[in-house]
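Structure, as structure tokens:
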Amino acid sequence: MRFLSTVAASLFGTLIAIGLLLIVSFLFLAALVASSNVEPSVQPGSVLVMDLSGPIPEIVSSDPLLIAFGGESAIDSYDIKHALKKAAVDKRINGVWLRMRGVAANWATLHEIREALLTYKESGKFLVASSGEYGMSERDFFLASTADSVFASPEAFFEFNGLYLEVMYYKGLLDKLEAEAEVIRAGDYKAAVEPFLRRDMSVENETQLNALLSAHNSSFMEAVADGRSLEVSDIEAVATDGALLTAAEAREVGLLDRLVFEDEVISSLKDLAGVDEDDPLRRITVRSYAATPDSKAGLSTGNQGTVAVVYAVGTIVSGKSGTGRGIIGSKTFNEAMREARRSSRIKAVVLRINSPGGSATASDAMWREIKLTAEEKPVIVSMGDLAASGGYWIATAADTIIADPQTLTGSIGVFGLVFNVGQTLESKLGLTTDGVRTSPYADMFSGMRSLSAAERALLERAVASTYGEFLQKVADSRGMDVDAVDRIGQGRIWTGEQARELGLVDIMGTLDAAIRIAAETADLSEGTYRITRLPRPKTLIEGLNDAFLVRVSDMLPQPLNRQTAFLEEMIRNQGTVQARMQLDVTVR
């Protein structure tokens, strides 16, 4: 009997192993097929359908496994903008249907997409926006307001009640845990550490955030008024005096054209596309259309050279970049920058920055590779949503800095942070520590005791030294006096437009504008060059590995995921000098 049970168990285990092998093999084959980048068939009279929902990342790997299991988006902002560029000249595309589904991108990204939509409209082709039953937020409407017609479902939600900013503070939590955070910072406005020290905003942080919010609000109101042919004062009154929460109210004040169901939207699209009511509407998604070669769409391409777009997206750390967690590793980035520098095909580089900063040491290592590249070929910075602190540090190595008006940049300041959880462990868990040391300073970063006055002075000197180096890099890059940089530094965040006025940025423009300037600087005329994007996407095997490395914090809902990642980062890097912006300066 025991023999039979052993055989049965072995057989059962073998069947399970075979089943798992078959599943993995199926996923592997499916991934190979899905990643084969087959050119789509674009039928004449087609409508390009742009479904916009959730975050819109700067760059995606297009790996189907990461999309399916790692939560990665299928398209990025470049795909969207380039699809519009192709659609404008593609004779097979009659128009664009913008379907808003709760977009959650930041404002500089939205502004670039909005500019791409307006450029597309110059082709004379139609642009229709709708939200269906999903409704619209201010972000959705910021894009939708560019359309010839804007539709929503009769009972849809329509949020038009002003913008706001909020910050989460941890001081109360630390007090409850009997833990302590010791901070040394250079810059009165360096607010990244405030959540560990306060329960509310400092006067300095409230001042800078109010200025940022006011700039965003003005830009938003002007864009909406222009898109809907209304007065800015009327739009402002709608948001502040009464506010809107329904599509019906939005229709009454002229923000929407019609309240219709999706089948009625499709009927309108058929009329615009010249399709008979009984015939199906020919559609193609951005994800599919992205695989259409530029030459097939009607865009000029050439082989006189290549412009490389090198991405620095996420928190800056030493080592390799992470997947799906907004991490740019100095090792990964530097390899990409070296590839761009050493390739004879690549004539110019656009450094696309979307980063709040991070490790000062890693930022400096990245700065070095950018500087070496700039000595050999043109390097133009294009700032996305964020290019602050360490993100601005690396920008100073380039020839020209281009920002979006809504970019958050500057934050020229640094800090050091040390946690003391000794009392927490003793009072909550009964754990104590003891040990020996070769010097009084050996255990200053143990996290089990407070810093002594001498140790605090050591960290203050390190922070001051790094801040001085930061100021000098900015001064050398921008042709300014160090004291002048210090006055506009102090950790203060500026919008792209404010940064231009202060001399921290050269011109306002999109990523496309930066690519054109880089090409022109390298004597490449329009239509004679190609674009490559670095770092290169992960391989299928790397995607398989990352897709199954699920972390508990990744399962947390937003914004807890961001908060968890931020706390993890601060604890991991305690004792080091950080050039990082505060966690979440997101206008909602």
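Just so it is clear, the model here is predicted, and its values are computed rather than measured.
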Report the relative orientation of the aromatic rings in Trp107 and Phe220; use parallel for angles under 30°, tilted for 30 to 60°, perpendicular for over 60°. perpendicular
If we ignore angles and hydrogens, is there a donor and acceptor under 3.5 Å between the side chains of Ser330 and Lys320? no
Nearest heavy atoms of Leu256 and Ala152, plus distance in Å: CD1-CB, 3.7 Å
May I have the step-by-step check of side-chain hydrogen bond (donor to acceptor under 3.5 Å, both in side chains) for Ser389 and Lys190, ending in yes or no? CA-CA 9 Å; Ser389 208; Lys190 198 64 182 173; 2.6 Å; yes
Compute both the distance and the angle, then confirm whether Lys125 meets the cation-pi test with Tyr120: under 6.0 Å from the six-membered ring centre, within 45 degrees of the axis. no
Which heavy atom of Ala223 sits nearest a heavy atom of Arg114, and at what distance? O-NH2, 2.8 Å
Restricting to non-hydrogen atoms, name the atom on Ile370 and the atom on Ala398 that form the minimum distance, rounded to 0.1 Å. CG2-N, 4.4 Å
Is Asp90 paired with Lys296 through a side-chain N to carboxylate O contact shorter than 4.0 Å? no
Residues Asp76 and Lys81 bridged, charged N to O under 4.0 Å: no
Taking the six-membered ring for Trp, are Trp97 and Phe126 ring centroids under 6.0 Å apart? no
Could you check if a side-chain atom of Arg283 sits within less than 4.5 angstrom of a side-chain atom of Ile266, using non-hydrogen atoms only? yes
Please determine if Arg352 forms a cation-pi arrangement with Tyr311, meaning its NZ or CZ atom is less than 6.0 Å from the six-membered ring centre and no more than 45° off the ring axis. no
